[in-house]
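Everything on this sheet refers to the single structure shown next.
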Amino acid sequence: MTEAKKEKFIVPIGPQHPALKEPGNFEFTVDGEIVTDATVRLGFVHRGIEKACETRNYTQDMYLLERVCGICSHVHATAFVLGVEKLAGVQAPPRAEAIRVLAAELERIHSHLLWFGVAAHEAGFDTLFMYTWRDREVVMDILETLSGSRVHYSVNILGGVKIDIDQKLSDLIKKDMDFLEERTEHYMKVVTTDETFLGRTRGIGTLSRDRAKLLGAVGPTARASGVKRDVRVNAPYSGYKEFPVKMVIDQTGDLEARFVVRLKELYESYRLIREILEKIQPGEISTRIKRKIPEGEVISRVEAPRGELFYFIKSNGTEMPDRVKVRTPSLCNWGTITDVAVGHKLADMPMLLAGIDPCFSCNDRMVEIRSDSQPSQMMNWDGLRKYGIEYYK
Amino acid sequence: MAIGVLFGDLVKAFFTKPATQNYPFTKTIAPERLRGKLVYDPEKCIGCMLCMKDCPSNAIELLTVDKINKRFVMRYHPDRCVFCAQCVQLCRFNCLNMSNSLWEMASTSKEAFEVYYGREEDIAFLLERAAQPGINEPPCE
Amino acid sequence: METIKFLESGKLILEKWIERSQTTEENRLDIWISTANLKPAVQSLVEIRWGYLITITGLDIPPVRDQDNNELQPGQLEALYHFANDADIITIRVKVPYSKPQIDSICEIIPSATIYEREVIELFGFDLLNTPNTEKLILPDSWPEGVYPLRKSFTNLQDLVTSNKEQSND
Amino acid sequence: MNLSLHPLILLLVFPGGLFLMNIGLLYEWADRKLVARFQSRVGPRWFQPFADTVKLLAKEEIIPNGVHKFMFQALPIIALTGALTAALYIPMFGFEAAFSFEGDLIVALYMLSMMTLSIGLAGANTLSRFTIIGATRALTQMFSYEAPFLLALLGPAIAAGTWNIGKINTFTGENIWLILAQPIGFIIAVVGLMGKLELPPFDAPEAETEIVAGALTEYSGRGLALFHIGKNVELVIGLTLVVIFYLGGIANPIEFILKSAGLFLVVSALQSMFARLRIDQTVGLWWRLGALMGLLQLLAIIFGRYLGEILR
């Protein structure tokens, strides 16, 4: 009709938006309620970690990389440590490997429960959100008692682990696993039978197997579409060689399938944790490793709660790495959103975004200050700090 | 197919104690292993400086008072510390430990975030020296 | 067992383009090919559905200089295309000089590669020919042209901005 | 009970104005507290809504660029006055209505709709995308909820044979609770009320995870506070209406408190039991189920009355 009618109506979601717990920008072009186009813009929390790694030694890097993500901190450290150990030709003792897997699975439980709560919140199901987070506290408490911190457990050191488990802890964990398993069964019932919830998940955001493969989806997103991608099974690393896991696959590919896959993975984690606690061998928990890592390149792949985490580490024979490349799983799954979004309703977007369990873990502490009077200027961290101090003087 | 699957939970939640608590009034006890504020024992330290070298956040500064008699003062910055306990791991003489006491970190002044550990006379000596004009102690950067 | 099978099949397909190859670990194969051959090589891997593209890693090889600051070897950029099939990883490596960092885009073959391509363009200064989207992905829109943060020569933006200003003042 | 007060006091202090606003805030607290307890949380303390309102009233009101300034400022006031005026026709708290005449039910309902209408206009007034989508949704929801809600309230009115809320109150107080006679009507009235007030799960017009705060995204300070108070007042009125019509009426304050509390418990449990419905789901549900069932109920009542008359 008129020009105005033809004009695109774009709904921005982010960088600051209640649906996103972290900054990211999505622009959805809508026609009424129907989405016709979608674009992604990332990098709002780019902290330049890859660059920063080049000026720190391996031990410091491990802690830095652990802080790439606040939810899956352990897997980042594990991926890095495994890579460095491979470069140095050191093998961590079996007990250390088992404890790494234990921490990784506990982390998976907390991450999946967190995601479950967030997804429920996006669906406007706040009660479910509160309940899952209440139950998530159980696993958070375990992690805190086990390692001493709720978020950054810092279980790893180069060549082993820092913490050990004893009988008392093991009994505590087993008891809590029973409780969580019971709760998960209940949530499974909610997710698969509650009519109002199914209205928001069934048949929404269906990603076919071929599409998922082509777009390079990883983790539960891919597995919900029937793509067999799980590093723990495909290329067992660390303690997963001794304690194998079963891959959870669903064929439907819609949001409901993603819920089901993640909840089923929780069962698998509970089982694995019990098995580790039963069968863990006594022994050393760390070996010594040289400060200087021999020259070489290594690839380290780890299955994070969100999918495959990829590390490429290049060493030049000094105490500091030459290059560390981090490819987080969320990055692969962005493509699936922009692909699937078209044709859905705006109301489904938060659910779709939550469906891949996004985690904005990128780079530099860089702030762009825009004002009408001055041309935009760039500030680095020091400059910004000075600016802040001056401003509030 | 069902509607209101959560009804049972609602009833249960209504009649049981809430899962959250009124935070500043009721507090939970910190677990034994909690990695809180760093504690330094100057008697055991031999000054290998490993803790300072490997600290990922430059939270530790070990200042030498007398190298031969092994007298050191540690300037610790809890605001920079990431509580990773790498220093505790590295220290072979067990002079570093993480206590589970400090777990609320909020302060209106910067002073709270500069903690000195060491023999009292050493600290006094260092502070005095820093106060003198001309001789500058290495700044906190 | 299977590992060898996959790696072998991958190597067999890429045989005709390989300039140099290397196996550092049992499940890894690194092959160097020329820039012109990148697209057909990737195409052939995708055609037989050999795994999937994990990511594109950029590497900066700074120029080697002698004492008098003469360039012995010009600076180079290297792009690593990691493909994984189960446990196996084939890395296709392409080297280009600073002066002409041009590589063909593979987005036509693998659409999801665009996000990785944008990343290496921004952070390393590759010039990917025919890549569908060159908008800024990570860096701010007003990021200065020609500054690539992951190159070894980049240390601090503040220094760079001031030095540029000085230069322009001269 | 029949109090004869000066009309101005009726209008400004009790049961209009001040009293209603305060009780509205108390209702908000009760709502939040109950939902919190259902969600296994502690919930806010009793003065939280008051504190929020005082804070909002004290804050600067930001008027965004590109809006019609007069409309922007007038709409919250219209919404609030609409709600407050509606209260005058309703026997609040066990006392008789301040004003009443034959047919005040229609006026009260009309006044209640002013709220949604104002929100819709407020959203359409600003340039933000979120508000526009929120406004569209709010108006869509209004169109789908107004009819079933009205139908549900018509049932008791027809049964009582009057359009006067006060008379209906006496009628329901003398007869058996209409919730037993017209269960479908009761369900529709409660759900319709929730939809009208945009309570979860019918909060698509202000779904925070999609469109921030819907139509009110651009509002701050005083305007927002007024809208909030207006909504709370509407909650009071809505619940009172349902209690009068379906739960045996209210003869005295104690009865009012007990019955409202009971209904409140049901409403807050419903709020916390479901996932948010998409706007198309809400609308579809209501036109397909709600309106149809409301009509059936109405037919049954009319038929029943007719039958009763014949038998008599």
Side-chain angles (χ1 to χ4, degrees), chain A residues 39-46 48 50-51 54-55 86-87 213-218 222 227-229 231 233-237 296-299 301 308 310 312 314 322-328 331-336 339 362-364 366-368 370 375-383, chain C residues 2-3 22 24-25 27-28 30 46 49 51-61 78 80 82-89 91 93 109-116 118-120 122-123 133 135-144 147 149-152 154-161:
Chain A
T39 55
V40 192
R41 175 80 207 268
L42 301 172
F44 295 95
V45 278
H46 197 91
E50 289 181 17
K51 184 80 183 173
E54 294 169 13
T55 54
K86 225 188 267 176
L87 274 177
K213 267 197 161 171
L214 188 71
L215 293 167
V218 292
V227 182
K228 287 183 180 160
R229 268 178 208 165
V231 186
V233 180
N234 291 344
Y237 56 91
E297 290 174 352
V298 77
I299 285 174
R301 290 201 293 160
E308 178 199 21
F310 173 90
F312 173 85
K314 189 179 173 206
D322 192 46
R323 169 102 170 94
V324 178
K325 160 84 187 172
V326 186
R327 204 287 327 264
T328 51
L331 202 59
C332 299
N333 288 336
W334 288 125
T336 66
D339 192 66
C362 322
N363 30 109
D364 202 307
M366 187 73 65
V367 176
E368 192 185 346
R370 281 200 179 140
S376 76
Q377 60 180 121
M378 208 92 64
M379 278 199 178
N380 66 357
W381 183 238
D382 283 336
Chain C
E2 234 175 274
T3 305
Q22 185 189 14
T24 39
E25 286 164 66
N27 62 343
R28 259 186 71 196
D30 285 26
V46 171
R49 295 182 179 269
Y52 61 102
L53 177 73
I54 302 179
T55 189
I56 304 172
T57 303
L59 278 184
D60 179 32
I61 307 160
E78 193 170 4
L80 281 68
H82 306 281
F83 285 85
N85 195 350
D86 262 21
D88 302 347
I89 301 164
T91 306
R93 313 176 65 132
I109 313 162
I110 305 168
S112 61
T114 169
I115 213 153
Y116 311 128
R118 281 163 74 182
E119 194 184 325
V120 292
E122 274 177 52
L123 301 179
N133 193 346
E135 274 175 44
K136 286 273 193 311
L137 174 77
I138 293 167
L139 299 174
D141 285 325
S142 56
W143 186 264
V147 178
L150 274 184
R151 287 205 187 168
K152 295 281 178 203
F154 178 88
T155 46
N156 189 336
L157 189 71
Q158 205 77 16
D159 303 347
L160 204 107
V161 170

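In what follows, every chain begins at residue 1, and chains take the letters A, B, ... in the order their sequences are listed. Fair warning: this is a prediction, and the values are worked out from it, not measured in the lab.
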Smallest separation among heavy atoms of A:Asp322 and C:Lys152, with atom names: O-NZ, 2.5 Å
Side chain, backbone, both or neither of A:Lys325 within contact of chain C (heavy atoms, under 4.5 Å): side chain
Per-residue contact mode, C:Thr91 against chain A (heavy atom under 4.5 angstrom): side chain
Between C:Thr114, C:Ile89, C:Leu80, the one whose heavy-atom pairs under 4.5 Å with chain A are most numerous: C:Ile89
Where on C:Asp30 is there a heavy atom nearer than 4.5 Å to chain A: the side chain, the backbone, both, or neither? side chain
At a 4.5 Å cut-off on heavy atoms, which part of C:Leu150 comes close to chain A: side chain, backbone, both, or neither? both
Looking only at non-hydrogen atoms, find the nearest pair between C:Arg28 and A:Val298 and report the distance. NH1-CA, 3.5 Å
With a 4.5 angstrom heavy-atom cut-off, could you sort out which part of A:Lys228 is near chain C: side chain, backbone, both or neither? neither
Would you say C:Thr57 and A:Arg327 make side-chain contact, with heavy atoms under 4.5 Å? no
Reported CZ-to-OG1 distance for the pair A:Phe310 and C:Thr55, which is rounded to 0.5 angstrom: 6.5 Å
Which atom pair, heavy atoms only, marks the closest approach of A:Arg301 to C:Ala84? NH1-CB, 3.5 Å
Are the side chain of A:Arg323 and the backbone of C:Gly58 linked by a donor-acceptor contact shorter than 3.5 Å? yes
Verdict with reasoning, A:Glu297 to C:Arg93, per salt bridge (Lys or Arg N to Asp or Glu O under 4.0 Å): CA-CA 13 Å; A:Glu297 290 174 352; C:Arg93 313 176 65 132; 2.7 Å; yes
